[in-house]
Amino acid sequence: MSSLHIVGSGPAGLSAAHTAVNAGAKVCLIDDNPAPGGQIWRGGPGKWIDRRAAAMWHSLDAHPDFTQLKRASVIGAVAPDTLLLEIEGEGLRLPFERLLLCSGARELLLPFAGWTLPGVVGAGGLQALIKGGMPVRQRKVVIAGSGPLLLATALSALQAGAQVEAIIEHQPSARLATFGLGLLLRHREKFLQAVSLFARLWRIPYLTGAQIVEARGDGVLQGVVIEKNGAKQEYACDFLAAGFGLVPNVDLARALGCDIADDAIAVDRLQRTSRTNIWAAGECTGVGGVDKAIVEGRIAALGALGLPPSPRDLSLHRQCHDFAALLAHNFAPDASLREMCRPGIIVCRCEDVRASSLAGQHDWRQAKLNTRIGMGPCQGKTCGPACQFLYGWSLPASRLPIMPASARVLSQID
Ligand SMILES: Cc1cc2nc3c(=O)[nH]c(=O)nc-3n(C[C@H](O)[C@H](O)[C@H](O)COP(=O)(O)OP(=O)(O)OC[C@H]3O[C@@H](n4cnc5c(N)ncnc54)[C@H](O)[C@@H]3O)c2cc1C
C-alpha cells in the first residue's frame with residue numbers, strides 16, 4: 001500500500017488527504033494547529049460553513065488508513081527523506097516515502113509609523129483571532145492595505161459585532177474596476193461572490209487609492225491617519241487590521257532542496273516539485289484562493305500515487321491559475337507603499353531594527369550582520385518579505401529550525 005505524508009491541513013491538504021485515502025493510500029496529515037482547516041477553514045469541523053470541508057473531513061475522520069498529527073510543527077528535514085517534528089515539546093523524526101507540501105501562505109506586513117502598537121494586527125491575523133474567539137463586539141475596527149482579504153476580514157469583524165469604521169484599499173478605483181471586469185468576463189461565479197460580499201458590507205465606507213500615514217496611540221492604538229489625494233483623515237479605532245497581500249510559505253520546501261520560482265514552490269502542471277518524491281499544492285505554490293488549493297490538492301495526491309488527474313480537474317486548474325494571475329496583476333503592492341516606511345520606523349520588530357540603520361546595506365546578509373535584522377524569534381518571516389519589497393533584497397535563506405523549537409528537539413539535529 002502506498003503511503004503519503006502531507007504537511008498542512010488547509011483546503012489543499014484536506015483535499016489531497018481525501019483523494020489519497022479514497023484511492024487506497026495510507027495518509028498521515030500533519031499540521032501545527034489543534035484542528036484541521038488551515039487559514040480559511042480555521043476552527044475545525046464543528047465551525048465549518050463550507051460544505052466541501054465537512055464532506056472531505058467526513059470521509060477522513062475515523063478512516064483506518066488516515067492518521068492525523070495535530071499541534072505538530074515540521075521544523076525541518078534531518079535527512080533528504082526524513083522530517084523533524086516537534087509535537088508538544090517532544091521531537092519526532094518522521095521518514096517519508098512520498099511527501100506533499102500544503103504549507104499555505106502568510107501575510108505580507110509592511111512597516112508604517114505606529115505599526116508595532118498593541119491593537120495593530122494583520123488583516124488575516126484579525127480574522128484568525130476572531131475565529132479563535134477573541135471578542136470584538138462594539139470595538140472600532142479599521143481595515144487597511146490591499147487585496148480581497150480586506151473584505152473577508154471586514155465581513156468576519158462585522159459578523160462578530162465589531163463596528164467597522166472603514167476599509168482602506170490602496171489600489172485606485174480604476175485598477176479595481178479592471179479586476180472586476182476580469183472577474184465578470186472570465187470568472188462569473190467569483191464576480192457574483194464579490195458582488196454579494198460588497199452588498200453585505202455596503203454600509204462601511206470603502207476608500208480606494210488611499211494609504212496609511214500612521215497609527216496613533218499612547219502605548220496602545222487609538223486611531224489611524226489615512227491619506228487620499230493629499231488629504232488626511234483620522235479614524236478612531238481599537239484595532240487596525242493591515243495587510244498587503246500574501247506570501248507563500250516556502251521555508252520547508254527550501255529546507256528539503258525543492259526549487260523556488262517567483263517566491264513560490266516551483267511545480268509542474270501535475271504539482272511535482274523539483275524533487276522526485278515531493279509534490280506541493282495550494283497557496284505555497286502561488287496565491288490563488290481556496291478553489292485553487294482544493295483542485296491542486298487533488299491533482300497532487302493523484303500524481304503522488306501515479307494516477308492521472310481528470311480532464312475536468314485540469315480545466316479547473318487552468319481557470320484557477322488564470323484567476324491567480326488576475327489577482328497578482330491587479331493587487332501587486334504598488335511602489336508608493338514604500339513611502340509609509342520613514343527612516344525612524346522599526347522594520348524588524350523582533351530586534352528593533354529601524355529603517356534608518358538599513359539605509360546603505362546592500363543585501364539581506366550584510367544587513368543581518370550589521371544590524372541583527374531577522375535574528376529574532378520570527379527569523380525574518382515578517383521583515384524578510386517586507387525588506388524584499390522595500391529594498392529589493394532576495395528573501396533570506398531557510399535555516400533549521402524553520403520555526404521556533406525547544407532545545408530538547410534541536411538536540412536531535414545531527
Ligand atoms: C491569515 C490568513 C487568513 C486568510 N483568510 C482567508 C479568508 O478568510 N478567505 C479566503 O478566501 N482566503 C483567506 N486566506 C487565504 C487562504 O490562505 C487560502 O484561500 C486557503 O486557505 C489556502 O489553503 P492552503 O491549504 O493552501 O493553505 P492554508 O489554509 O494556509 O493551510 C496551510 C496549513 O499548513 C500548516 N503549516 C504550514 N507550515 C507548517 C509546518 N512547517 N508544520 C506544520 N504545519 C504547517 C499551517 O498552519 C496551515 O494550517 C487567508 C490567508 C491567511 C494567511
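When a ligand or atom number is given, it counts from 1 through the structure's own listing order. Numbering starts at 1 and runs along the sequence shown.
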Practice item. Could you walk me through whether Trp115 and Cys341 pass side-chain contact (heavy atoms from CB on, under 4.5 Å), step by step? Key: CA-CA 10 Å; Trp115 78 292; Cys341 186; over 6 Å; no
Exercise for review: Go through Phe244 and Phe331 one step at a time and tell me if the ring pair (Phe, Tyr, Trp, His ring centres under 6.0 Å) criterion holds.
Suggested key: CA-CA 9 Å; Phe244 299 88; Phe331 289 99; over 10 Å; no
Exercise for review: Might you work through the side-chain hydrogen bond (donor to acceptor under 3.5 Å, both in side chains) test for Ser73 and Glu86, ending with a clear yes or no?
Suggested key: CA-CA 5 Å; Ser73 306; Glu86 173 164 345; over 6 Å; no
Point to revise | Thr208 vs His170, side-chain hydrogen bond (donor to acceptor under 3.5 Å, both in side chains): CA-CA, chis, key distance, verdict | key: CA-CA 6 Å; Thr208 56; His170 184 251; over 6 Å; no
Check your understanding: Should Asn249 and Arg106 be marked as a side-chain hydrogen bond (donor to acceptor under 3.5 Å, both in side chains) after you check the CA-CA gap, both sets of side-chain angles, and the distance that decides it?
Key -> CA-CA 7 Å; Asn249 277 328; Arg106 55 180 178 261; 2.5 Å; yes
Exercise for review: Might you work through the side-chain hydrogen bond (donor to acceptor under 3.5 Å, both in side chains) test for Glu97 and Ser2, ending with a clear yes or no?
Suggested key: CA-CA 8 Å; Glu97 192 181 303; Ser2 307; 5.2 Å; no
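With salt bridges taken as basic N to acidic carboxylate O contacts below 4.0 Å, none links Lys70 and Asp32.
Using a 4.0 Å heavy-atom cutoff, Ala72 is listed among the residues neighbouring ligand 1. Residue contacts with ligand 1 do not include Lys292, since none of its heavy atoms lies under 4.0 Å from the ligand. Assignment of Gly289 to the shell around ligand 1 is supported, since a heavy atom sits closer than 4.0 Å.
Comparing Leu149, Leu155, Val247 against atom 4 (C) of ligand 1, the shortest heavy-atom distance belongs to Leu149. Considering each of Gln127, Glu296, Gln39, Glu107, the one bringing a non-hydrogen atom nearest atom 7 (C) of ligand 1 is Gln127.
Environment of CG in Asp262: sparse, with no more than 12 heavy atoms of neighbouring residues, nucleotides or ligands closer than 6.0 Å. Within a 6.0 Å radius of CZ in Arg338, other residues, nucleotides and ligands contribute more than 12 heavy atoms. A 6.0 Å sphere centred on CD1 of Ile49 holds no more than 12 heavy atoms belonging to other residues, nucleotides or ligands.
Considering backbone and side-chain atoms alike, Asn249 places every N or O at 3.5 Å or more from each N or O of ligand 1. Polar contact with ligand 1: present for Asp31 (N/O pair, distance under 3.5 Å). For the pair Val74 and ligand 1, the shortest N or O to N or O distance falls below 3.5 Å. Checking only distances, Ser73 never comes within under 3.5 Å of ligand 1, N or O to N or O. In terms of polar-atom proximity, Val7 is not counted as a contact of ligand 1, lacking any N or O under 3.5 Å from an N or O of the ligand. Considering backbone and side-chain N/O atoms, Ala12 comes within less than 3.5 Å of an N/O atom of ligand 1.
Side-chain contact, Gln193 with His187: no donor N or O sits under 3.5 Å from an acceptor N or O. Judged purely by distance below 3.5 Å, without hydrogens or angles, the side chains of Thr371 and Glu351 never pair a donor atom with an acceptor atom.
Here is the list of ligand 1 atoms found below 4.0 Å of a heavy atom in Gly124: 1 (C), 2 (C), 3 (C). Under a 4.0 Å criterion applied to the non-hydrogen atoms of Gly10, ligand 1 contributes the atoms 25 (O), 29 (O), 31 (O). Residue-ligand proximity, Val290 to ligand 1, at heavy-atom distances under 4.0 Å covers atoms 19 (O). Heavy-atom proximity to Gly282, at under 4.0 Å, picks out these atoms of ligand 1: 26 (O). Every atom of ligand 1 with a heavy atom of Ala293 under 4.0 Å away is listed here by number and element: 23 (O), 26 (O). Within ligand 1, the atoms closer than 4.0 Å to a non-hydrogen atom of Ala152 are 8 (O), numbered from 1 in the order shown.
Of all the heavy atoms of Ser103, the ones lying under 4.0 Å from any atom of ligand 1 are found in both the backbone and the side chain. In Ala105, the part holding a heavy atom less than 4.0 Å from any atom of ligand 1 is the backbone. With a 4.0 Å heavy-atom cut-off, ligand 1 is reached by the side chain of Leu246 but not by its N, CA, C or O.
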